[in-house]
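Atoms considered below: every heavy atom in the structure, side chains included; atoms not considered: hydrogens, waters and symmetry mates. Since the structure is predicted, the reported quantities are computational estimates derived from the model, not experimental observations. Order of the sequence lines sets the chain letters (A, B, ...), proteins ahead of strands, with each chain counted from 1.
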Number of protein chains: 2
Amino acid sequence: MFCTMYSLDKTDTKLLQALSADPRSTFVALADTLGLSRNTVQARMKRLEDSGAFLGFDRRINPAALGYPLTAFIEVHVQQKRLAQIVIDLALIPEIVQAHGMSGQTDLLVRVVCTDAADLFRIDGTILACEGVERTETSLAMGEVIPYRLTPLLDRG
Amino acid sequence: MFCTMYSLDKTDTKLLQALSADPRSTFVALADTLGLSRNTVQARMKRLEDSGAFLGFDRRINPAALGYPLTAFIEVHVQQKRLAQIVIDLALIPEIVQAHGMSGQTDLLVRVVCTDAADLFRIDGTILACEGVERTETSLAMGEVIPYRLTPLLDRG
DNA sequence: CCTGAATAGGGCACTCTGCTCACTATTTTT
DNA sequence: AAAAATAGTGAGCAGAGTGCCCTATTCAGG
């Protein structure tokens, strides 16, 4: 196989668990909670980093703390030919914090943060104004009933 | 007002920007990129932490690195009376990494990671099997066309 | 049997941390 | 206008952590 992605073993998993438990723990601390030497922990962390196991820090910032307490998901239907340009245009809207290209009826699923309902309305308008966007369907997130988590998957490994 | 949430000022914003640029930078490094004293940086970071500006470390872990390259969004329609119990049941499914209670037609928007299409099919079945779940609509994410980001919002502040 | 990878352990210079204290502005309250 | 809270600075210090080096051991695969 040409592209063998480095895949995590049990020790890596334990490392990630320990980090999840305490994101600020030092290499030394990790080493002795896992019963490994500091060298090993450092080597593994480097490998994890290099293999792209970590995503941007942005994800750890709470949008609510920034003054955007509301999250909404907007399904965007577009003229598929213009998809590439539309993505570029959408990327200019700061309140769009993430967008996925989707299979199925919806072309794009856009995650938006906003200050209030009026703000959401305005943002939706901005999206609709993009050339090639045909229709949107907005749903406000009332709450994160299962907060983002990966630990169940880590624990299973 | 009873609950005045601590709101970030320009300096906090710059701090977060600097952290986004380099999540591993030390207090000392932050202090001199921002032209502040180390004491100030430490104090502000503590305040940020205490005010809940940071979310779990889980969010920084790349599910693909864990062996789950596929992401899907599943709209779940439920008997609303049973919503609370359903959330509890869903939380037992490890592949569900997040779920939002929604306004609008869909009751729940569930984010799932999986190994392949067959895996997704199985997980969908598990969700459908929960007492009170009436219908699901699964959409596979083909790609994260706008990767999660908060920097445009930070830059605007 | 040899090789390469992973780990452990030691060491060393340097940096960072957590903490405290004293001092200065700048607001806010009274 | 005076007093008090708030934010920032600068300095210092002991202890901990980091990055980097080298060596020895174990263990699986060719």
Side-chain angles (χ1 to χ4, degrees), chain A residues 1-58 60-62 64-67 153-157, chain B residues 1-58 60-62 64-67 153-157:
Chain A
M1 197 194 242
F2 298 112
C3 153
T4 25
M5 174 180 269
Y6 172 69
S7 88
L8 310 192
D9 63 11
K10 236 169 209 172
T11 307
D12 289 319
T13 302
K14 282 188 197 159
L15 248 176
L16 295 178
Q17 286 176 335
L19 271 175
S20 290
D22 177 13
R24 309 180 74 64
S25 56
T26 63
F27 290 166
V28 177
L30 289 172
D32 69 41
T33 54
L34 301 197
L36 297 172
S37 78
R38 178 167 72 96
N39 275 338
T40 304
V41 170
Q42 267 171 312
R44 281 184 175 270
M45 283 295 289
K46 175 157 174 44
R47 199 170 18 168
L48 284 172
E49 283 229 45
D50 294 348
S51 70
F54 298 124
L55 302 171
F57 184 83
D58 294 36
R60 288 206 55 205
I61 301 176
N62 187 349
L66 260 53
L153 283 177
L154 289 172
D155 293 344
R156 193 167 63 169
Chain B
M1 196 197 243
F2 299 112
C3 154
T4 25
M5 174 180 268
Y6 171 69
S7 89
L8 310 192
D9 63 10
K10 235 169 208 171
T11 307
D12 290 319
T13 303
K14 282 188 197 158
L15 248 176
L16 294 178
Q17 287 176 334
L19 271 174
S20 290
D22 177 13
R24 310 178 75 63
S25 57
T26 63
F27 289 167
V28 178
L30 290 172
D32 70 41
T33 55
L34 301 197
L36 296 172
S37 78
R38 179 165 72 94
N39 275 341
T40 305
V41 170
Q42 267 171 311
R44 281 183 175 269
M45 284 295 289
K46 175 158 174 43
R47 199 172 17 169
L48 283 172
E49 283 228 46
D50 293 349
S51 69
F54 298 123
L55 303 171
F57 184 83
D58 294 38
R60 287 206 54 205
I61 301 176
N62 187 348
L66 261 51
L153 284 177
L154 289 172
D155 293 344
R156 194 168 60 169

Discussion item. Would you say Gln42(B) places a side-chain N or O within less than 4.0 Å of OP1 or OP2 belonging to dT17(C)?
Written reply: no

Worksheet item: Given side chains that start at C-beta, do those of Asn39(A) and Gln42(A) come closer than 4.5 Å, heavy atoms only?
Response: yes

Worksheet item: How close do Ala18(A) and Ser25(A) get, heavy atom to heavy atom, and via which atoms?
Response: O-OG, 4.4 Å

Item to complete: Could you check how far NZ of Lys10(A) sits from P of dA6(C), rounded to whole Å?
Response: 18 Å

Item to complete: Report the distance from atom CG of Leu30(A) to atom CE of Met45(A), rounding to the nearest 0.5 Å.
Response: 6.5 Å

Discussion item. Between C1' on dT18(D) and CE on Met45(A), what's the gap in Å once rounded to a whole number?
Written reply: 13 Å

Worksheet item: Just by protein heavy atoms under 4.0 Å, how would nucleotides 8-17 of chain D read 5' to 3' in B, S and -?
Response: SBBBB----S

Discussion item. Within this structure, what is the CZ-OG distance for the pair Arg60(B) and Ser20(A), rounded to the nearest 0.5 Å?
Written reply: 11.0 Å

Fill in: Distance in angstrom units between Lys46(A) NZ and dA5(C) P, rounded
16 Å

Worksheet, complete the sentence: In 5'-to-3' order, the base (B), backbone-only (S) or no-contact (-) status of each nucleotide in nucleotides 25-30 of chain D, using a 4.0 angstrom heavy-atom cut-off, is ------

Item to complete: Measure the shortest side-chain to side-chain distance between Thr33(A) and Gln17(A) over non-hydrogen atoms and say whether it is less than 4.5 angstrom.
Response: no

Worksheet item: Do Leu16(B) and Phe54(B) come within less than 4.5 Å of each other through their side chains, counting heavy atoms only?
Response: yes

Worksheet item: Is the count of non-hydrogen atoms from other residues, nucleotides or ligands lying under 6.0 Å from Arg24(B) atom CZ greater than 12?
Response: no

Worksheet item: What is the distance, rounded to the nearest whole Å, between atom CG of Leu34(B) and atom C1' of dA7(D)?
Response: 15 Å

Worksheet item: How far does OG1 of Thr40(A) sit from CG of Leu34(A), to the nearest 0.5 angstrom?
Response: 10.0 Å

Item to complete: Specify the separation, in whole Å, of atom CG of Asp32(A) and atom P of dT18(D).
Response: 12 Å

